[in-house]
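Residue numbering restarts at 1 for every chain, and letters A, B, ... go by the order of the sequence lines.
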There are 2 protein chains.
Amino acid sequence: MPRRTDTRERMVRTAADLFHAQGYHATGLNQVLAEGGAPKGSLYFHFPGGKEQLAVEAVALAGDDLRTALEAVLSGTDDPVEGLNQALALLGENLERSDFKHGCPIATVALDASADSEPIREACADVYDSWQRIIAEHLNRHVADEPAAGEAGTDEPAAHQSAPGEAATDELATVVLAAIEGAVLLARTRRDLSPLHAVGARLGALLGRPTG
Amino acid sequence: MPRRTDTRERMVRTAADLFHAQGYHATGLNQVLAEGGAPKGSLYFHFPGGKEQLAVEAVALAGDDLRTALEAVLSGTDDPVEGLNQALALLGENLERSDFKHGCPIATVALDASADSEPIREACADVYDSWQRIIAEHLNRHVADEPAAGEAGTDEPAAHQSAPGEAATDELATVVLAAIEGAVLLARTRRDLSPLHAVGARLGALLGRPTG
DNA sequence: CCTGTAGTAGACCAGTCTGTATATTAAGAT
DNA sequence: ATCTTAATATACAGACTGGTCTACTACAGG
């Protein structure tokens with residue numbers, strides 16, 4: 001093989017970075033090419049699907065990276081609230097380090113490209129699912145032995161097979177993910193980390209702790 | 001004044017709609033013009049600041065509209081959880097009615113334009129602030145008499161002046177807003193309302209209810 | 001040595017982008 | 001009736017878009 005073999009990966013990484021900070025439509029291929037140091041021909045050789053394919057792969061890559069980091073942080077502690085707080089701290093560091101340009105690597109693309117491209121939308125949804133799964137597992141590991149509330153325990157016929165509160169944990173993981181995503185969105189827009197701290201401070205109540 | 005006098009407002013409304021569904025960079029001025037039935041000259045007459053000014057005004061308008069709707073819904077009930085659930089229902093209807101194109105009218109622009117334009121970013125931040133204020137007032141009206149937790153009551157010197165739980169209510173409103181924003185983001189990306197329902201179901205726990 | 005091919009390099013295309021400049025029209029004032 | 005101004009209507013400019021095309025380079029196998 002001629003010259004370099006890492007061109008493809010470099011392009012995806014560059015694209016992921018730019019999409020992360022600017023979104024899909026605000027990022028031109030020329031910018032990706034310039035920043036990645038590759039000519040146009042190479043792009044369409046490696047990505048015959050063009051910008052759309054590049055975005056799908058970039059989203060998947062960024063999602064994997066953050067999922068890995070999330071797993072590492074969450075598995076490092078026994079306290080579910082503590083684990084999630086460390087995840088929030090990680091996101092806060094990313095925000096600060098990038099002058100509030102790097103929030104959620106998926107959200108921008110999800111919002112500004114899913115109207116255009118169904119494949120991109122699906123890729124983003126898949127990433128969110130994977131994150132939610134990690135969070136749910138984390139919660140299951142530590143708080144599944146609780147009665148898991150019961151405010152809506154009427155309309156569940158016999159859905160939960162194995163664990164008793166599995167459906168409830170999924171719901172809880174959805175809420176946790178939503179709160180985190182919203183906090184990152186607010187923090188990025190306000191250029192201020194306090195939304196992350198607020199969510200962190202209220203995680204205890206959200207997870208059903210007596211009062212923190 | 002010649003011809004029409006509503007051209008300006010029509011343009012802002014059209015722009016707000018398109019920015020809402022597609023974001024800032026994905027929406028071309030030609031599309032705004034075509035959909036609003038106005039020529040280019042009129043746009044730069046009414047908005048000498050060009051696309052940026054149009055976006056700032058569109059964001060403010062959309063933010064005002066939703067703030068009004070939010071106020072109406074929240075003032076209609078005495079139960080804070082019930083009120084927020086109705087707000088979630090409203091957002092869910094908007095999503096469904098628009099085939100999941102209309103989520104938060106601010107988020108898309110906030111994410112894909114605040115890297116480019118400081119004025120747009122500020123406009124978005126202002127809208128979020130206004131929404132948060134509405135939520136905080138709503139919470140203050142109904143739950144301010146609670147002890148307002150205290151899991152992190154160590155590093156607060158003497159911030160809260162007037163009401164005892166005011167700072168705590170602000171924090172809580174931030175978390176509520178974040179959770180709602182995140183839920184809308186997830187719902188739009190997944191094309192599925194369940195994140196909204198999940199947040200609704202957990203609002204009680206989040207607001208400090210015993211386990212309701 | 002020669003050829004096939006993976007990959008690179010960049011010119012090029014048609015279309016679109018935001019923004020500007022120049023008419024043209026309609027109303028209000030004098 | 002005329003002059004001014006608010007507003008509309010287009011034509012146009014220059015830059016940039018994503019995408020295609022062809023030429024070229026470097027390596028591998030025969």
Strand contacts (DNA chain D) in [range], 4.0 angstrom heavy-atom criterion:
range                     : answer
residues 27-35 of chain A : A/T27, A/G28, A/L29, A/N30
residues 11-20 of chain B : none
residues 51-62 of chain A : A/K51

Side-chain N or O of [X] versus OP1/OP2 of [N]: is the shortest distance under 4.0 Å?
X     : N      : value
B/Y44 : C/dG19 : yes
A/H46 : C/dT8  : yes
A/T7  : C/dT8  : yes

Judged by atom type as modelled, is there a donor-acceptor pair below 3.5 Å linking the side chain of [X] to the main-chain atoms of [Y]?
X      : Y      : result
A/S98  : A/N94  : yes
A/R188 : B/L111 : yes
A/H20  : A/I106 : no
B/R67  : B/W131 : no
B/R121 : B/A110 : no

Checklist entry - Base, sugar-phosphate, or nothing: which does A/G50 touch, judged by heavy atoms less than 4.0 Å apart? => result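 Sugar-phosphate only.
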Item to check | A/Q22 and A/T108 side chains, donor-acceptor separation under 3.5 Å | outcome: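 Their side chains do not contain a donor-acceptor pair, so the 3.5 Å distance test is not met.
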Item to check | Donor-acceptor pair between B/D79 and B/T77 side chains, under 3.5 angstrom | outcome: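 No.
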In whole angstroms, how far is the [atom2] atom of [N] from the [atom1] atom of [X]?
X     : N      : atom1 : atom2 : value
A/L43 : C/dA9  : CG    : C1'   : 13 Å
A/R8  : C/dA6  : CZ    : P     : 15 Å
A/F47 : D/dT20 : CZ    : C1'   : 18 Å

Next on the checklist: Checking contacts here: which listed nucleotide (C/dT20, C/dG7, D/dG19) is nearest the side-chain heavy atoms of A/F45?
Outcome noted: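 When the side chain of A/F45 is considered, C/dG7 is the closest of C/dT20, C/dG7, D/dG19.
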Checklist entry - Do you know the tightest heavy-atom contact between A/Q132 and A/D170? => result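 For A/Q132 and A/D170, the tightest heavy-atom pair comes out as NE2-O, 3.4 Å.
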Item to check | Where A/T27 and A/L18 come nearest, the two heavy atoms and their spacing | outcome: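 A/T27 and A/L18 have their closest heavy atoms at OG1-O, 3.4 Å.
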Item to check | B/D78, CG atom: more than 12 neighbouring heavy atoms under 6.0 Å | outcome: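 No, not enclosed.
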Checklist entry - Is the closest basic N to carboxylate O distance between A/R13 and A/D65 below 4.0 Å? => result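 Looking at A/R13 and A/D65, the cut-off is met.
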Checklist entry - For the side chain of B/K40 and the base of C/dT18, is some donor closer than 3.5 Å to an acceptor across the two? => result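 Counting by modelled atom types and ignoring angles, a donor-acceptor contact under 3.5 Å is found here.
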